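All of these numbers come straight from a predicted model, not from anything done at the bench. Each ligand, and each atom within it, is numbered from 1 in the order the structure gives.
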Amino acid sequence: MTHKVLLLPGDGIGPEIAVQAKRLLHACQDAGLDIDIDEALVGGAAYDAHLDPLPPETLQKAKAADAILLGAVGGPKWDTLEDLSKRPEKGLLGLRKNLGLFGNLRPAMLYPQLASASSLKPELVSGLDIMIVRELTGGIYFGQPRGIEVRDGQRVGFNTYIYAESEIERIGRVAFEMARKRGKKLCSVDKANVLEVTILWREVMNRLAQEYMDVELTHMYVDNAAMQLVREPKQFDVVVTGNMFGDILSDAAAMLTGSIGMLPSASLNESGQGMYEPCHGSAPDIAGKNLANPLAMMLSVAMMLRYSLAENAMAERIEAAVGKVLDDGLRTADIASEGMQTIGTDAMGDAVLAAFAQQA
Ligand code: IPM
Ligand code: MG
């Protein structure tokens, strides 16, 4: 059966790293992977072309795809758009919401070759392997009412932090299942000392724990979790949390591994359809300069093969190719330690492709 893959390069460094992902997809095709690759606009690029960060054609192609690969969206060029609904980020949020991609998996795994690139001491991060499970279609990102309006003669801004029990339960199940397949430890992160919505969150997690007696569930307040992530990160196996806390903690966790430029992510819905993207953003400051690290994007291809296309062997081949390239001492600027020579986006892509070919 031919799998349909939709590539959405987006903005900033998105298009550059998408080129490398596309080359890798073609190499997978040559190695026997049966996929059909289509492309569409999203984010600022789509706004520029259609005055809409998520044009109907893109959404329709996304709905029809088995898996979506997204580069990154956003940039200063669009930050001044007054109409928030036209901002590039709305393209991404619209995809998540419309496709029901509630389960966001953000692994923070340290490649041993990069231990010295982390800002933490090597012994604190060596062997690090955390999976953050972030709820992605609810919480304060989408809660109603929201807005900016005049009350009592001054403007107020407001958002609503809301979760239904069913939303908490389904992300909880994703996390418990994940923990079951890994180290059997799950830490649920909340702010149950202040926020009712997370008191409910904690209750639901505790209830679910009765069904997963083999998994050890703990709870942590989000401020403490942020501290523990940089104090003793290896205490974590799987972390489950809501949309906004997950956004923040996953950036911190990513940085433990040396560079956010290394980490892929998956966003899954109930029917197993998925969107795959690097954890990093569009990095407008280095866009178009052949400086971006394409590895998170290339590893997103591997994640897609594993979670949406059931092509584990091919996924492992990509991951092994990335390992080989790191073993060979090849580094883009973001993952280079002092004194190391660095290479650009294209050369890194070349190296991964060469290593991938060798694995045959
Ligand atoms: C992320 C990003 C997005 C988010 C932005 C671009 C809307 O930071 O995927 O983590 O906040 O979810
Ligand atoms: Mg983020």
> What about I260 and L256, same hydrophobic cluster or not, with Ile/Leu/Val/Met/Phe/Trp/Tyr joined at side-chain heavy-atom distances under 4.5 Å?
Replying inline: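 Different clusters.
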If the threshold is 4.0 Å, N to carboxylate O, is there a salt bridge linking [X] and [Y]?
X: E319; Y: R306; result: yes
X: R87; Y: D79; result: no
X: D237; Y: R182; result: yes

> Should you measure from each heavy atom of R134, which atoms of ligand 1 turn up under 4.0 Å away?
Replying inline: 1 (C), 4 (C), 9 (O), 10 (O), 11 (O), 12 (O)
> Counting each atom of ligand 1 from 1 as listed, which ones have a heavy atom of R106 under 4.0 Å away?
Replying inline: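 So the atoms of ligand 1 that pass are 1 (C), 9 (O), 10 (O).
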May I ask whether [X] places a heavy atom under 4.0 Å from ligand 1?
X: R87; value: no
X: H280; value: no
X: M244; value: no

> Which residues and atoms, protein N, O or S only, are under 2.8 Å from the Mg ion (ligand 2)?
Replying inline: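 Counting only protein N, O or S atoms under 2.8 Å from the Mg ion (ligand 2), the list reads D247 OD1.
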> Is there a side-chain contact between Q29 and I37 (heavy atoms, below 4.5 Å)?
Replying inline: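 The answer is yes, as the side chains (C-beta and beyond) meet within the 4.5 Å cut-off.
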> Would you say the side chain of N193 lies within less than 4.5 Å of the side chain of Y221, judging by non-hydrogen atoms?
Replying inline: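 They are in contact (side-chain heavy atoms under 4.5 Å apart), so the answer is yes.
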> Short N/O distance, under 3.5 Å, between R96 and ligand 1?
Replying inline: yes
> How far is atom 2 (C) of ligand 1 from its nearest protein heavy atom, and which residue and atom name does that atom have?
Replying inline: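 It is D247 OD1, 4.0 Å.
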>> Considering non-hydrogen atoms of the protein only, which is the closest contact for atom 11 (O) of ligand 1, and what is the distance?
In response: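 So the nearest neighbour among protein heavy atoms is Y141 OH, 2.6 Å.
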> For the atom pair CD (Q358) and NZ (K324), what is the distance rounded to the nearest 0.5 Å?
Replying inline: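 Answer rounded to 0.5 Å: 5.0 Å.
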> Roughly how far, to the nearest 0.5 Å, is the CG atom of D83 from the CG atom of L51?
Replying inline: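 So the gap between those two atoms works out to 10.5 Å.
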> Do the numbers put R317 on top of the ring of F356, so that NZ or CZ is under 6.0 Å from the six-membered ring centre and no more than 45° off the axis?
Replying inline: yes
>> With salt bridge (Lys or Arg N to Asp or Glu O under 4.0 Å) as the criterion, how do D11 and K77 come out once you've worked through the C-alpha distance, each side chain's angles and the decisive distance to 0.1 Å?
In response: CA-CA 10 Å; D11 311 318; K77 183 175 174 196; over 6 Å; no
